[in-house]
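Please read all numbers here as calculations on a predicted model, not as lab measurements.
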Amino acid sequence: QLQLVESGGGLVQHGGSLRLTCTAPGFTLEPYVIGWFRQAPGKEREGVSAISSLGSSTMYADSVKGRFTISRDNAKNTVYLQMNSLKPEDTAVYYCAAGLYYRLKDEYDYWGQGTQVTVST
């Protein structure tokens, strides 16, 4: 059973930056597409970004394009989400997910427990 672990969340001011990390202790992430999703209070979960298994392709939601960057280091078995120019509307629980299809729909096979990102006004 593949288990994902997110880290790097926290409280930052408007305009600040955070880097989220996704790992899978005991398993390799190399075969998988990795997606980042978020869910704010009272809202449905939405796709943020995704990266192909080799890292050659990336995709972003329009709301974060130009501010967020997804990357992966398969040698370190780690996927990152660099978040810059953060806005209060970015406040949410962020999840990483692993699957076999390159997409932003929440149809991934494995999910982490999430990490809280809070952006103050």
Side-chain angles (χ1 to χ4, degrees):
Q1 185 74 40
L2 180 64
Q3 295 182 322
L4 304 175
V5 179
E6 305 97 337
S7 63
L11 174 64
V12 298
Q13 293 183 342
H14 178 271
S17 298
L18 285 173
R19 188 179 73 165
L20 305 184
T21 297
C22 178
T23 61
F27 296 86
T28 178
L29 291 176
E30 189 171 7
Y32 297 100
V33 172
I34 302 297
W36 284 98
F37 295 79
R38 66 186 183 186
Q39 187 167 26
K43 296 185 178 180
E44 295 184 351
R45 188 167 57 195
E46 64 174 340
V48 175
S49 184
I51 188 167
S52 59
S53 60
L54 295 179
S56 57
S57 299
T58 59
M59 61 190 305
Y60 301 89
D62 289 341
S63 59
V64 307
K65 194 173 299 182
R67 299 188 296 120
F68 291 11
T69 302
I70 190 171
S71 63
R72 69 191 301 163
D73 186 342
N74 284 341
K76 296 182 178 180
N77 203 37
T78 302
V79 178
Y80 306 96
L81 183 67
Q82 179 67 45
M83 305 186 296
N84 298 326
S85 301
L86 283 163
K87 305 174 181 179
E89 49 263 45
D90 295 318
T91 295
V93 176
Y94 283 71
Y95 302 87
C96 68
L100 298 179
Y101 295 95
Y102 182 57
R103 62 198 178 193
L104 282 181
K105 297 180 179 179
D106 60 348
E107 299 175 352
Y108 285 65
D109 300 302
Y110 306 99
W111 294 80
Q113 297 187 49
T115 185
Q116 177 71 47
V117 172
T118 302
V119 184
S120 65
T121 58

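Counting only residues at least two apart or on different chains, the salt bridge (charged side-chain N to carboxylate O under 4.0 Å, His left out) pairs with a member in residues 94-105 are R103-E107. The list of disulfide bond (SG atoms under 2.5 Å apart) pairs with a residue in residues 32-91, not counting sequence neighbours, is empty. Residue pairs that meet the disulfide bond (SG atoms under 2.5 Å apart) test with at least one member in residues 54-85, sequence neighbours left out, do not exist here. Residue pairs meeting the ring-ring contact (aromatic ring centres under 6.0 Å, His included) criterion with at least one partner in residues 44-86, sequence neighbours excluded, are absent.
For the pair Q116 and T91, the tightest heavy-atom approach, listed with the atom from each and the gap, is NE2-CG2, 4.0 Å. Smallest separation of non-hydrogen atoms from A50 and Y108: CB-OH, 3.6 Å. Nearest heavy-atom pair across Q82 and S17 is NE2-CB, 4.0 Å. Contact between E6 and Q113 at its shortest, heavy atoms only, is OE1-N, 3.1 Å. Listed here is the closest heavy atom pair of Q13 and S120: CA-OG, 3.4 Å. P88 and T121 make their closest contact through CG-CG2, 3.6 Å (heavy atoms, listed as atom of the first residue, atom of the second, distance).
Tracing side-chain contacts under 4.5 Å through hydrophobic residues (I, L, V, M, F, W, Y), one reaches L2 starting from L100; they form part of the same cluster. Cluster annotation: V93 is not connected to V64 through the hydrophobic network of ILVMFWY side chains, with a link wherever side-chain heavy atoms come within less than 4.5 Å. Put simply, L104 and V48 are part of two different groups of oily side chains (I, L, V, M, F, W, Y) that touch within less than 4.5 Å, one to the next. Under the 4.5 Å side-chain heavy-atom criterion for Ile, Leu, Val, Met, Phe, Trp and Tyr, I70 and Y101 are members of the same hydrophobic cluster.
Between the R72 side chain and the G55 main chain, no donor and acceptor come within less than 3.5 Å of each other.
Around CD of E89, the count of heavy atoms belonging to other residues, nucleotides or ligands within 6.0 Å exceeds 12.
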Compile the donor-acceptor pairs under 3.5 Å between side chains in residues 19-43 and protein atoms, sequence neighbours left out, one pair per line.
{"unit_1": "T28", "atom_1": "OG1", "unit_2": "E30", "atom_2": "N", "d": "3.2"}
{"unit_1": "R38", "atom_1": "NE", "unit_2": "E46", "atom_2": "OE2", "d": "2.7"}
{"unit_1": "R38", "atom_1": "NH1", "unit_2": "D90", "atom_2": "OD1", "d": "2.9"}
{"unit_1": "R38", "atom_1": "NH1", "unit_2": "Y94", "atom_2": "OH", "d": "2.9"}
{"unit_1": "R38", "atom_1": "NH2", "unit_2": "E46", "atom_2": "OE2", "d": "3.3"}
{"unit_1": "R38", "atom_1": "NH2", "unit_2": "S63", "atom_2": "OG", "d": "3.4"}
{"unit_1": "Q39", "atom_1": "NE2", "unit_2": "K43", "atom_2": "O", "d": "3.2"}

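Residues satisfying the side chain to side chain contact (heavy atoms under 4.5 Å, CB included) test with S57, not counting sequence neighbours, are S52, Y102.
Taking the side chain as every heavy atom from C-beta outward, S49 and L81 approach each other to under 4.5 Å.
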key: Audit row: Y95, L4, side-chain contact (heavy atoms from CB on, under 4.5 Å) steps and yes/no   = CA-CA 9 Å; Y95 302 87; L4 304 175; over 6 Å; no
